[in-house]
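Read the numbers this way: they start at 1 and go in the same order the structure lists the ligands and their atoms. None of these values were measured; they are calculated from a predicted model.
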Amino acid sequence: MTRRVLAVLALAGLLTGSPALAADGAKIFQLQCKTCHGAKSTPMGPSLAGVAGRKIAGLTDFKYSAGLTAKAGATWTDANLDAYLAAPGKFAPGTRMMTGVANPADRAAAVAYMKTLK
Ligand code: HEC
């Protein structure tokens, strides 16, 4: 329940950047993202350091799919990160990243955590 309230606040932009939410997101990241996303880009996935506010598919050291590259004109805003994690293949048809985060509260936490990655 608390997490749901937090998620709603976070989505409203009131709590994004909240340390508690980001700490939740760090746990989710360890479990669900870290196998493919490290501090540096690997063939498994691009680095997410500084991803918030960056151009979509914007790194030169990772070979993105045509699906995600088609979105390259846009920026990773909170809303775009949320939409991609909610349904990667819907946000960017043909993206190589198959799994997202179905639970909205967990997703808000994951987005808050990504904003701490510099
Ligand atoms: C099985 C490997 C894998 C897992 C697990 C994974 N990703 Fe990804 N992710 C990728 C790949 C591969 C891409 C590049 C997709 C493409 O080129 O279409 C990507 C791209 C991204 C991008 C866009 C990066 C950019 O530079 O534009 C974000 C944001 C992202 N992932 C977040 C996450 C989060 C958050 C999680 C955990 C909830 C996660 N990913 C889990 C493989 C993975």
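Only the side chain of Val101 comes within 4.0 Å of ligand 1, judged by heavy-atom distances. The part of Leu81 lying near ligand 1 is the side chain, judged by heavy-atom distances below 4.0 Å. Contact annotation for Leu85 and ligand 1: only side-chain heavy atoms (C-beta onward) come within less than 4.0 Å of the ligand. In Ile28, neither the side chain nor the backbone holds a heavy atom less than 4.0 Å from any atom of ligand 1.
Nearest non-hydrogen protein atom to atom 2 (C) of ligand 1 is Cys36 SG, 1.9 Å. Closest protein heavy atom to atom 23 (C) of ligand 1: Trp76 CZ2, 3.5 Å. Given atom 32 (C) of ligand 1, the protein heavy atom at minimum distance is Leu48 CD1, 3.6 Å.
Considering backbone and side-chain atoms together, Tyr84 places no N or O closer than 3.5 Å to any N or O of ligand 1. For ligand 1, the polar-atom distance check against Lys63 finds no nitrogen or oxygen pair separated by under 3.5 Å. The distance criterion of under 3.5 Å between nitrogen or oxygen atoms is met by Tyr64 with respect to ligand 1. Annotation: Ser47 places no N or O atom under 3.5 Å from an N or O atom of ligand 1; distance criterion only. Distances between N or O atoms of Thr99 and those of ligand 1 include no value under 3.5 Å.
Once rounded to the nearest 0.5 Å, the distance linking NZ of Lys115 with CG of Asp78 reads 3.5 Å. The distance from the NE2 atom of His37 to the CZ atom of Phe62 is 8.0 Å, given to the nearest 0.5 Å. Lys34 contributes atom NZ, which lies 15.0 Å from atom CD1 of Ile28 (distance to the nearest 0.5 angstrom). Note that the CD1 atom of Ile56 and the CG atom of Asn80 stand 4.5 Å from one another [nearest 0.5 Å].
Under a cutoff of 6.0 Å and an axis angle of 45°, Lys71 and Phe91 form a cation-pi pair.
Atom 8 (Fe) of ligand 1 has an N, O or S atom of Met97 closer than 2.8 Å.
Residue Gly67 places every heavy atom at 4.0 Å or more from ligand 1. Residue contacts with ligand 1: Lys34 is excluded, as none of its non-hydrogen atoms falls under 4.0 Å. Distances shorter than 4.0 angstrom do not occur between any heavy atom of Leu59 and any atom of ligand 1. For the ligand labelled ligand 1, residue Ala57 lies inside the 4.0 Å heavy-atom shell. In this structure, Phe62 has a heavy atom closer than 4.0 Å to ligand 1.
Which of Pro46, Gly45, Ala92 comes nearest to atom 13 (C) of ligand 1 through a heavy atom is settled by distance: it is Pro46. Taking each of Met44, His37, Gln30 in turn, the one with a heavy atom nearest to atom 12 (C) of ligand 1 proves to be Met44. Here atom 18 (O) of ligand 1 lies nearest to Ser65 when heavy atoms of Ser65, Ala110, Ala70 are compared.
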Handout entry: Residue pair Tyr84, Thr95: steps toward the side chain to side chain donor-acceptor pair (under 3.5 Å) verdict
Key = CA-CA 10 Å; Tyr84 186 47; Thr95 182; 2.7 Å; yes

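Across all non-hydrogen atoms, the minimal contact from Ala92 to Gly67 is CB-O, 3.8 Å. Here the shortest heavy-atom pairing between Leu48 and Phe29 reads CD1-CE1, 3.7 Å.
Within the listing of ligand 1, atoms 15 (C), 16 (C), 18 (O) sit less than 4.0 angstrom from a heavy atom of Thr95.
Distance alone, capped at 3.5 Å, places no donor-acceptor pair between the Arg107 side chain and the Leu81 backbone. No side-chain donor-acceptor contact under 3.5 Å links Thr75 to the backbone of Lys55.
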